[in-house]
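Below is one structure, written out as structure tokens, with a few remarks after it.
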Amino acid sequence: MFRRFTPIFIILISMASVQGSSSLAKHLFPILGPEGMTAWRLFFSSIMLIFIFKPWRKPISKQAWKYIILYGLSLGFMNLSFYSAIARIPIGIAVAIELTGPIVVAMFSARKLLDFVWLAIAIVGLVLLLPMHQANTSLDIYGIILALCAGTCWALYILTGRKAGQLQGSSSVALASGLVCCIIFPIGVWHNGTAMFSLDVLPLAFIVAVLASAIPYALDVIALPKVPALTFSTLMSLSPVLGALSGFLFLQEKLSTNQWFSISLIIMSSIGTVLSIKRQPKIKPIAKCKS
């Protein structure tokens, strides 16, 4: 019995590591801002991914380059949009809104009426999060828009990453991360100047990258081959809950009853969408570069 649930426990630790990294990143925003934090996270993650996958070992075709560039852009701006969103709204809410990206991607294969019911539930959850009534007056509309941008980039990340992976294998994520780092890093320096290189924040920025990428990837390599894809996808749907708990424990972010209800609707939609998808026998571990 213990062995059966060990992979699930490992995946939950992996998810908690990702959400915990968001809380630490937000803690550094007063010094680095979302731009600087994104830049350092991509920088350190790129180094780790290049070391792991050694992309120079395989030649890159022109067709692969096209998708790797698109993959990298979606990866970089997904992180930048998400960090910019959590600078304005609670982490749990941002994660829930961002989750709509994969939901929409899944809807592309929708065939049954029930599939569209799940999408409608997600839309209701999003509408309830909009600051149109007293319960949500403190929720920044620009934060919501940025979280939706992050979700859009996540959808593109899935689509372009799938194609890049088919053409270039697992090394595509290292190449994509390195390329977009060359774009985002100058933006971070432009926004922060010499503060970007403060020795007080660099160790913490490195820890964010480890928590967000290295640790989750290592844990996923162990756990993913041992669990069905359906189980993994269903567990991923709980990310907003872990994000909200991380924000509450480390940043004292409290959500209203209405906001918890809205998040629950989006989680319900995600789980329902997952259960509607045809079961896959297994999934291949990929580097967790997203938020």
Practice item. Return yes if some donor-acceptor pair links the side-chain N/O of Ser172 with the main-chain N/O of Gly169 below 3.5 Å, else return no. Key: yes

Check your understanding: Just how far is it from atom NZ of Lys163 to atom CD of Gln63, taken to the nearest 0.5 Å?
Key -> 5.5 Å

Point to revise | Donor-acceptor under 3.5 Å (Asp140 side chain, Ile89 main chain) | key: no

Review point. Are Met196 and Leu24 joined in one hydrophobic group, where the rule is that I, L, V, M, F, W and Y side chains link up if heavy atoms are under 4.5 Å apart?
Key: yes

Review point. Any chance CZ of Phe197 has more than 12 other-residue heavy atoms, nucleotides or ligands included, within less than 6.0 Å?
Key: yes

Review point. Would you say Ser177's side chain and Ala174's backbone share a donor-acceptor pair under 3.5 angstrom?
Key: no

Exercise for review: Output the distance between atom CZ (Phe77) and atom CD1 (Ile184), rounded to the nearest 0.5 Å.
Suggested key: 4.0 Å

Revision key, fill the gap. Distance col, row Met37:CE vs Ser21:OG, nearest 0.5 angstrom, shows 8.5 Å

**Study point:** Phe82 side chain near Ser22 side chain, heavy-atom distance below 4.5 Å
**Key:** yes

Point to revise | Greater than 12 external heavy atoms within 6.0 Å of Phe29's CZ | key: yes

Practice item. Look at the side chain of Thr100 and the backbone N and O of Ile97, then say whether any donor-acceptor pair between them is shorter than 3.5 Å. Key: yes

Practice item. Look at the side chain of Ser17 and the backbone N and O of Ile13, then say whether any donor-acceptor pair between them is shorter than 3.5 Å. Key: no

Point to revise | Within 6.0 Å of NE2 in His27, more than 12 heavy atoms from elsewhere | key: no

Review point. For Cys181 and Ser46, which heavy atoms make the closest approach, and how far apart are they?
Key: CB-OG, 3.9 Å

Review point. Just how far is it from atom CD1 of Ile266 to atom CD1 of Ile93, taken to the nearest 0.5 Å?
Key: 9.0 Å

Check your understanding: How about Val173 and Phe53: do any of their side-chain heavy atoms sit closer than 4.5 Å?
Key -> yes

Review point. Do the side chains of Ile123 and Val127 get nearer than 4.5 Å, heavy atoms only?
Key: yes

Check your understanding: Around Trp56, counting heavy atoms of other residues, nucleotides and ligands shown, do more than 12 lie under 6.0 Å from its CH2?
Key -> yes

Review point. Any donor and acceptor pair, going by atom type alone, linking the side chain of Ser270 with main-chain N or O of Ser237 inside 3.5 Å?
Key: no

**Study point:** Transitive ILVMFWY side-chain link Leu42 to Leu156, under 4.5 Å
**Key:** no

Review point. Given side chains that start at C-beta, do those of Tyr83 and Leu32 come closer than 4.5 Å, heavy atoms only?
Key: no

Practice item. Check whether any side-chain N or O of Lys26 sits under 3.5 Å from a backbone N or O of Leu251 as a donor-acceptor pair, and report yes or no. Key: no

**Study point:** Min side-chain heavy-atom separation Ser269-Leu119 under 4.5 Å
**Key:** no

Exercise for review: Please tell me if the side chains of Ile8 and Ile11 come closer than 4.5 Å, counting only heavy atoms from C-beta onward.
Suggested key: no

Practice item. Keeping the roles fixed (side chain from Ser74, backbone from Tyr71), state whether a donor-acceptor pair exists under 3.5 Å. Key: yes

Practice item. For Ile183 and Ile187, work out which heavy atoms get closest and say how close. Key: O-CG1, 3.5 Å

Check your understanding: Do the non-hydrogen side-chain atoms of Trp65 and Leu179 ever get within less than 4.5 Å of each other?
Key -> yes

Review point. Tyr67 and Leu73: same hydrophobic cluster, using ILVMFWY side-chain contacts below 4.5 Å?
Key: no

Exercise for review: Can you label the angle between the Phe44 ring and the Trp40 ring as parallel, tilted or perpendicular, going by 30° and 60°?
Suggested key: parallel

Check your understanding: Linking I/L/V/M/F/W/Y whenever any side-chain heavy atoms sit under 4.5 Å apart, do Leu159 and Tyr157 land together?
Key -> yes

Check your understanding: Shared ILVMFWY cluster between Ile207 and Phe43, side chains joined below 4.5 angstrom?
Key -> yes

Practice item. State the CD1-CE distance between Ile215 and Met48, to the nearest 0.5 angstrom. Key: 9.0 Å

Review point. Do any N or O atoms from the side chain of Ser14 and from the backbone of Leu219 form a donor-acceptor pair under 3.5 angstrom?
Key: no

Study note, to complete from the structure: Correct closest heavy-atom pair for Ala155 and Val105 would be CB-CG2, 3.4 Å

Check your understanding: Do the side chains of Pro102 and Ile158 get nearer than 4.5 Å, heavy atoms only?
Key -> yes

Exercise for review: Answer yes or no: is there a donor N or O on one side and an acceptor on the other, between the side chain of Ser246 and the main chain of Leu242, under 3.5 Å?
Suggested key: no

Review point. What heavy-atom pair brings Ser23 and Ile91 nearest, and what distance separates the two atoms?
Key: OG-CD1, 3.5 Å

Check your understanding: CG/Leu126 to CD1/Ile121 distance, rounded to the nearest 0.5 angstrom?
Key -> 12.5 Å

Point to revise | Closest non-hydrogen atom pair between Leu99 and Met236, with its separation | key: CD1-O, 4.5 Å

